[in-house]
Amino acid sequence: MTRAPVQPLRRRWLWGAGLTILLAVMVSGVLQWRQYELLDSTTQFNNDALGWSFLQIEIEQLRLRNRVQAALADPAADDRDALQIRYDVFVSRIGLVDHERAATVMRDEARYAPAMDKLRAFIGSADRYFGAKPSLPPTPEALRGLLVQLDLLSGPLHELSLATSHVLSQRVSQRNEAVREQIQISFGLTLFQCLLLVAFGFILLRQFRALRERGHRLQALADSLEVARAEAESASRAKSVFLANMSHEIRTPFHGLLGMMSLLRDTTLTRQQAGFLDTARDSAQHLLSILNDILDVSKLEAGNLQISPEPLDLKQIVRQVDELMRVQARAKDLALRVTLADDVPRWVRADATRLKQILFNLLSNAVKFSNAGSVSLAVRRGTGATTVFEVADTGIGMDESTLARLFERFVQADATTSRRHGGTGLGLEISRSLARLMGGDITVRSTPGVGSCFTVTLPLETVPAPEDAPDTSAVPLDAAEPVLRVLVAEDHPVNQAYMEAVLDKLGHRATFAGDGAEAVRAMQRDAFDVVLMDLHMPTMDGFDATRAIRALPAPMNRVPILALTADVFPETQARARAAGVDDFLAKPAHLPQLREALARFGAPANDAVRPAPATDRDEQPLDVATVEQVRSALSPHQYAALLEGLFNVQDSTLRDLRQAAARRDLAALRNQAHGLKGAALSLGLRSVAGAAARLHQTPDSALDADLIDSLDSLERAMVHTRSSSRQQKLVG
Amino acid sequence: MTHPIATMTRRARGLALAAWFCGWLAATGPAHALDAPTGKVLLSVTGHITVRNGADAAAFDMALLEKLPQFSFHTRTPWYPEPRKFTGVRLRDLLAALGAPARANVSAEALNDYRALIPPEDWADHDVMVAYFLDDAPMLVRDKGPLVIIYPFDAHPKLRTAVRYSRAVWQLKGIDVR
């Protein structure tokens, strides 16, 4: 900029101004000192009094003359002392004008020196009579002589006093002139100082203004930087959202691809074709995992990834991880050791999905980077309320510099391993971000060639075991699943085909709707057990379609709706739930998840396990799927006969139950209820089965009122079911 | 501390008290008479004074003046080219000895009938002196003597003014306390 050369110039200017002011102040100081001295010496030496002194001499000369004359006129009254004093006083006055300073003052006055000579001559002769040591007596003759001399002095003394007054007035005017001059100079200097001061002030003002301007400029710069930062941040956020959307968009068709490949694998293929297909599927799986990683990272960056902790069985989680990793480890001939310390709480609050994600990632890495030896997962209690998961391997290990960069994005131990082992390099970053989101962290220690040990420390809150906790590990996948009528609202043809194939494989009957409006029309036209709803569709999306279905008359509005979505944002899920969606199925919907979800929402058999939705479904007396299954398995006629048989014994059954209740023969009651439940279940009589099941589970402590209540509800269910089955022409 | 009077007998105590009272009177009272001058009278003080040795004045010869506390200083004056030593009695001490009011105006008169009024700001606040020695020697009338009122001009720049110089009366012969 041009500021650099200006700076010294301005500084020189300032220096110059400062020095000038100093000089001016010094000059005026000297001047004032001079004035002071002039005044001081004037008074000190009392020069102005010289005129007065000469006048006094003149007066004393006259007084002395008078005294001498008086002494001559009246010698009898001669006052010797008075004469002496007059003389002495006269002489003392002469001393005041007869000295060096007076001579200096009167230097240019020609009359001074002769007059002084005359005075001195007079004193010389008078001192003979009146001096300190008089040599002659003051005879009248002598006095007369002195009188003549005194008279002779009158003229010169008068002249001298006139001359002195002239000289003095001259000096006074000279001094006044000098003082005036000095005052003028002082005035000029003061004026000059004022000007300098004004100039100084002006410079100061300009400096100040420049400073303020610079401040403004800096502020503006800071503001624009702030704006730029905000823009950059929003751009970055937009990029993250775009990335998340793209991954999602990619995953949707990708899912169709994977599904199709797995279906293709089940068809008759040559060995070579099967090999090709396996390779293709592996590649696709890998690609999908990369997509998932990217999606996670973008969610983490956008701050959209939320941890939703809920009570979970840590033992079960570890078992699941163990089971899944065992396959991978076995494939590489590695020993997998999973240990769970006794002091680790079994029930904790945690996000199961994310916890498993971390453990899978670390264990996968351990397996990936170990070629021999073992991989272990040890879960133990840490300090405080923390739980420690240690994943150790006997793999290739890492050196210091690698460890330092390990958790950075896209960093892998080294480029060569990256190529050999694959992966995005995002896994560790995601894992650590997740651990930190949970309030914990991941640390690592490693020795090259010996192995690595990753330690996850998480503050997991211990919770009491839920009372209705199903021992999920003991729940077998039900082999005999009812056939469900599934409405699939899905616009994508590939996904439609995939869903059709999967549902077919599960033994369900799928009906497809290309958009939300079509789905609503289908609901109005046919009865369905469950709806699989894609949330993103043209014309009418899943949200609106769900709302429209929920607005239909009963019982159509109660059909469970499962949202199919790859959209992972919690906001979306909250919106969907608000619209009336019961649950979510991640897209792509894998077969096991789909089967589990359909069993949960479509099958009445699971109602006992999940009592809350069971009461809801009791109101739907018939489990259409089971009914259809049995009707098709036997024949509508046979089914009708079975149903009729049940209804025929209905009254006697109820009577027996009531009698048992009256006797409080609970064993008999439970026994009969159990039999009824079995029959009702096998015929698809949902509400009857439910009521019978509750009766069967009647505790010993049950009150009579409770029993009567249960029996009443069973009777209501049976009456209701009977009329329903008549309506639906299941019985004649 | 035990007062000595407390240890005496009653009679002795009365005598001692009387003696002490007389001493106090002599030291502070106005009844102290001034001796009559024996030599040539140099100065006569008149006006509001309580101590006199004449009908209406206190007359001093050199001996009486020299009895008063002596004081001296060097100072420059307009009348001598060099600083000179003046010795005499402070006007303050002189007036106190004569029982003059603390803040009286003083009129000083010279042999040539010159008169100047010296206010108490001068004589009470400064060491204004009635000098009888110049450089330790008596002054003749022709040397502005025998008595001179002199200010310590060098002690304070405020004193170096024409007004103060005019109050330094030479050939002093009388002082009138007003």
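Chain identifiers are assigned alphabetically (A, B, ...) following the order of the sequence lines, protein sequences preceding nucleic acid strands; residue numbering begins at 1 within each chain. The figures here come from the full heavy-atom set of this structure, side chains too, leaving out hydrogens, waters and symmetry mates. All values derive from a computational prediction rather than experimental measurement.
Using a cutoff of 4.0 Å between basic side-chain nitrogens and carboxylate oxygens, B:K144 and A:D88 are not scored as salt-bridged.
Counting non-hydrogen atoms of other residues, nucleotides and ligands closer than 6.0 Å to CZ of A:R144 gives a total above 12. A 6.0 Å sphere centred on CZ of A:R206 holds no more than 12 heavy atoms belonging to other residues, nucleotides or ligands.
Nearest heavy-atom pair across B:R142 and A:V91 is CB-CG1, 3.8 Å. Smallest separation of non-hydrogen atoms from A:I85 and B:L111: CG2-CD1, 4.2 Å.
Heavy atoms of A:E60 lying under 4.5 Å from chain B belong exclusively to its side chain. Of the atoms belonging to A:F90, not a single heavy atom falls under 4.5 Å from chain B.
Every pair passing salt bridge (Lys or Arg N to Asp or Glu O under 4.0 Å) that includes a residue from residues 152-168 of chain A is listed here, sequence neighbours excluded: A:R111-A:E159.
Interatomic distance, A:S92 OG to B:N112 CG, rounded to the nearest 0.5 Å: 7.5 Å.
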